[in-house]
Amino acid sequence: MAKSMSLLWGAGSPPCWRVMITLQEKNLQGYKHKLLCFEKAEHKSQEVLDINPRGQLPAFKHGDIILNESGGACLYLENQFKSQGTKLIPDSPAEQALMYQRMFEGIALNDKLNSVIYYEWFVPEGERHDSAVRRNREALAAELQLWEGYLEKVGAGSYLAGAFSLADVIVFPSIAYAFRFGLSVGRYPKLATYYSLLKNRPSIKTSWPPHWVESPQGYDSLKDL
């Protein structure tokens, strides 16, 4: 079944990573994939545009079915292969509701991370303002404190919504990204514990961004956040 799947992806991209983790969790190894380079604007190539007219990654196909939104692709894979691999949507209504809540909140977390980490990439030089930088950083700090509180409620050594689920698939790549860019373990101890809990999970370790493996040293953009 995996042989009828293909994925165009970019290393370190949380949306791409989500799909790759899900494929691993559902035992769908052996799919066709191609690593593209953001720095070379390969995500704007005709190869990508033919699948995703937005020129974004991931670009995922299963046969003739195309799914380019990572959350949609993850939900599709879980629903199509429910009996295979890890069950990623819990049966309990309470846990399922919490999973969906955290799953969609995780997309907001990633957007706020991007607004800080990639501010100079997204905003033309003549339109940049120190006040916007401060506002973005304050919004991200408040967002991260929310997640500290969520993890405080579930307790040490716990996933976001009971057993490992799509909530973790969606959120973990953003948390890993934050620590890659220097997020303080001391200021965000619950997030640090959660990161440590999941970073060696087989599906995550197998799909770890290759350039992070080659260059473990990250950046310090978030060290003072």
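Quick note: numbers below take in every heavy atom, side chains included, and nothing from hydrogens, waters or symmetry partners.
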Undergrad: A side-chain contact here means heavy atoms from C-beta on lying under 4.5 Å apart; do N68 and R54 qualify?
TA: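 With C-beta onward as the side chain, the pair stays apart.
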
Undergrad: Same hydrophobic cluster for V19 and L8, using side-chain heavy-atom links shorter than 4.5 Å among ILVMFWY?
TA: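 V19 and L8: separate clusters.
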
Undergrad: According to a hydrophobic-cluster definition based on side-chain heavy atoms being under 4.5 Å apart (Ile, Leu, Val, Met, Phe, Trp, Tyr only), do L35 and V48 belong together?
TA: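 No.
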
Undergrad: Would you confirm whether K32, through its side chain, and K3, through its main-chain N or O, come within 3.5 Å as a donor-acceptor pair?
TA: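 Judged by distance alone, yes, a pair lies under 3.5 Å.
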
Undergrad: Among residues two or more places apart or on two chains, list those pairs meeting salt bridge (charged side-chain N to carboxylate O under 4.0 Å, His left out) that have a residue in residues 82-108.
TA: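 For residues 82-108: K87-D91, R102-E105.
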
Undergrad: I need the T206 OG1 to I21 CD1 distance, nearest 0.5 Å.
TA: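 Between T206 OG1 and I21 CD1, I get 10.0 Å after rounding to 0.5 Å.
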
Undergrad: Look up atom CG in L75 and atom OG1 in T22, then write down how far apart they are to the nearest 0.5 Å.
TA: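 Those atoms lie 8.5 Å apart.
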
Undergrad: With K34, which residues qualify under salt bridge (Lys or Arg N to Asp or Glu O under 4.0 Å), at least two apart?
TA: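 With neighbours one apart ignored, the set is E47.
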
Undergrad: I need the minimum non-hydrogen distance between N52 and A59, along with the two atoms involved.
TA: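 Minimum heavy-atom separation between N52 and A59: CB-CB, 4.5 Å.
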
Undergrad: Using the benzene-type ring in the case of Trp, are the ring centres of W9 and W17 under 6.0 Å apart?
TA: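 No, the ring centres sit 6.0 Å or more apart.
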
Undergrad: To check you understand the geometry: which heavy-atom pair defines the closest contact between N27 and Q84, and what is its length?
TA: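 So the minimum-distance heavy-atom pair works out to O-NE2, 3.3 Å.
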
Undergrad: So, using side chain to side chain donor-acceptor pair (under 3.5 Å) as the criterion, who are the partners of E214 when residues are at least two apart?
TA: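 Partners of E214 by the side chain to side chain donor-acceptor pair (under 3.5 Å) criterion come out as none, since no residue qualifies.
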
Undergrad: Under 4.5 Å between any side-chain heavy atoms of Y195 and L183, yes or no?
TA: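 No, every pair of side-chain atoms sits at 4.5 Å or beyond.
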
Undergrad: Which pair of heavy atoms, one from S70 and one from P15, lies closest together, and at what distance?
TA: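 Result for this residue pair: CB-O, 3.2 Å.
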
Undergrad: Between atom CG of L57 and atom SG of C16, what is the distance when rounded to the nearest 0.5 Å?
TA: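 Between L57 CG and C16 SG, I get 5.0 Å after rounding to 0.5 Å.
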
Undergrad: Can you sort out the partners of T86 under side chain to side chain donor-acceptor pair (under 3.5 Å), two or more places apart, ordered by chain and number?
TA: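 Partners of T86 under the side chain to side chain donor-acceptor pair (under 3.5 Å) test: E25.
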
Undergrad: Can you list everything that forms a side chain to side chain donor-acceptor pair (under 3.5 Å) with Y76? Sequence neighbours excluded, please.
TA: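 Side chain to side chain donor-acceptor pair (under 3.5 Å) check on Y76 returns H62.
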
Undergrad: Is there side-chain contact between S13 and F38, with at least one heavy-atom pair below 4.5 Å?
TA: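 Yes - at least one pair of side-chain heavy atoms lies under 4.5 Å apart.
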
Undergrad: Assess the residue pair Y194 and W147 against the criterion (ring-ring contact (aromatic ring centres under 6.0 Å, His included)); give the C-alpha distance rounded to whole Å, side-chain angles, the decisive distance to 0.1 Å, and a yes or no.
TA: CA-CA 10 Å; Y194 176 74; W147 290 93; 8.4 Å; no

Undergrad: Do any pairs count as a salt bridge (charged side-chain N to carboxylate O under 4.0 Å, His left out) and have a residue in residues 162-172, sequence neighbours left out, and if so which ones?
TA: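 Of all non-adjacent pairs touching residues 162-172, none passes salt bridge (charged side-chain N to carboxylate O under 4.0 Å, His left out).
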
Undergrad: Report yes if the side chains of N110 and V171 come closer than 4.5 Å at any heavy-atom pair, otherwise no.
TA: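 The answer is no, as the side chains (C-beta and beyond) never meet within the 4.5 Å cut-off.
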
Undergrad: If two hydrophobic side chains count as joined below 4.5 Å and joins carry through other members, does V169 share a cluster with L198?
TA: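 In one cluster with V169: L198, yes.
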
Undergrad: Looking at Q24 and S203, what are the two nearest heavy atoms and their distance?
TA: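 Between these two residues, the closest heavy atoms are CB-CB, 3.6 Å.
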
Undergrad: Give a yes or no on whether Y150 and V185 share a hydrophobic cluster (residues Ile, Leu, Val, Met, Phe, Trp, Tyr; joining criterion: side-chain heavy atoms under 4.5 Å apart).
TA: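 In one cluster with Y150: V185, yes.
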
Undergrad: In Å, rounded to the nearest 0.5 Å, how long is the span from CD1 of I51 to CD of Q56?
TA: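 Here the interatomic distance stands at 13.5 Å.
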
Undergrad: Check side-chain contact (heavy atoms from CB on, under 4.5 Å) between N136 and all other residues, then give those that pass, not counting sequence neighbours.
TA: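 Expected list: S115, V116, Y119.
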
Undergrad: Minimum heavy-atom separation for S174 and L113, please, with both atom names.
TA: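 S174 and L113 have their closest heavy atoms at O-CD1, 3.2 Å.
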
Undergrad: List the residues meeting side chain to side chain donor-acceptor pair (under 3.5 Å) with Y100, not counting sequence neighbours, and say none if there are none.
TA: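 Once residues adjacent in sequence are excluded, Y100 has no partner under the side chain to side chain donor-acceptor pair (under 3.5 Å) criterion.
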
Undergrad: Is S215 reaching over with its side chain to a backbone N or O of Q217, donor-acceptor style, under 3.5 angstrom?
TA: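 No, the answer is negative, given that no donor and acceptor are paired below the 3.5 Å cut-off.
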
Undergrad: Rounded to the nearest 0.5 Å, what separation is found between the CG atom of L191 and the OG1 atom of T193?
TA: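 One gets 9.0 Å once the value is rounded to the nearest 0.5 Å.
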
Undergrad: Same cluster for M99 and I204 if Ile/Leu/Val/Met/Phe/Trp/Tyr side chains link at under 4.5 Å?
TA: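 Yes, same cluster.
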
Undergrad: Could you give all pairs that pass the salt bridge (charged side-chain N to carboxylate O under 4.0 Å, His left out) test and reach residues 122-149, with sequence neighbours left out?
TA: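 Salt bridge (charged side-chain N to carboxylate O under 4.0 Å, His left out) check on residues 122-149 returns K112-E143.
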
Undergrad: Can you list every pair that meets side chain to side chain donor-acceptor pair (under 3.5 Å) and has a residue in residues 176-189, with sequence neighbours left out?
TA: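 Listed once each, the pairs are Y118-Y177.
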
Undergrad: Counting only pairs under 3.5 Å, give me each side-chain donor-acceptor contact of residues 218-225, with atom names and distances, residues two or more places apart or in other chains.
TA:
none

Undergrad: Output every pair passing salt bridge (charged side-chain N to carboxylate O under 4.0 Å, His left out) with a member in residues 60-79, not counting sequence neighbours, ordered by first then second residue.
TA: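 Every salt bridge (charged side-chain N to carboxylate O under 4.0 Å, His left out) pair that includes a residue of residues 60-79, provided the two are not neighbours, is K26-E78.
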
Undergrad: Rounded at 0.5 Å granularity, tell me how far CG in L67 sits from CG in L7.
TA: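 CG of L7 is found 11.5 Å from CG of L67.
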
Undergrad: Please report the closest heavy-atom contact between F60 and A73, naming both atoms and the distance.
TA: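 Taking F60 first and A73 second, the nearest heavy atoms are CD2-CB, 4.4 Å.
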
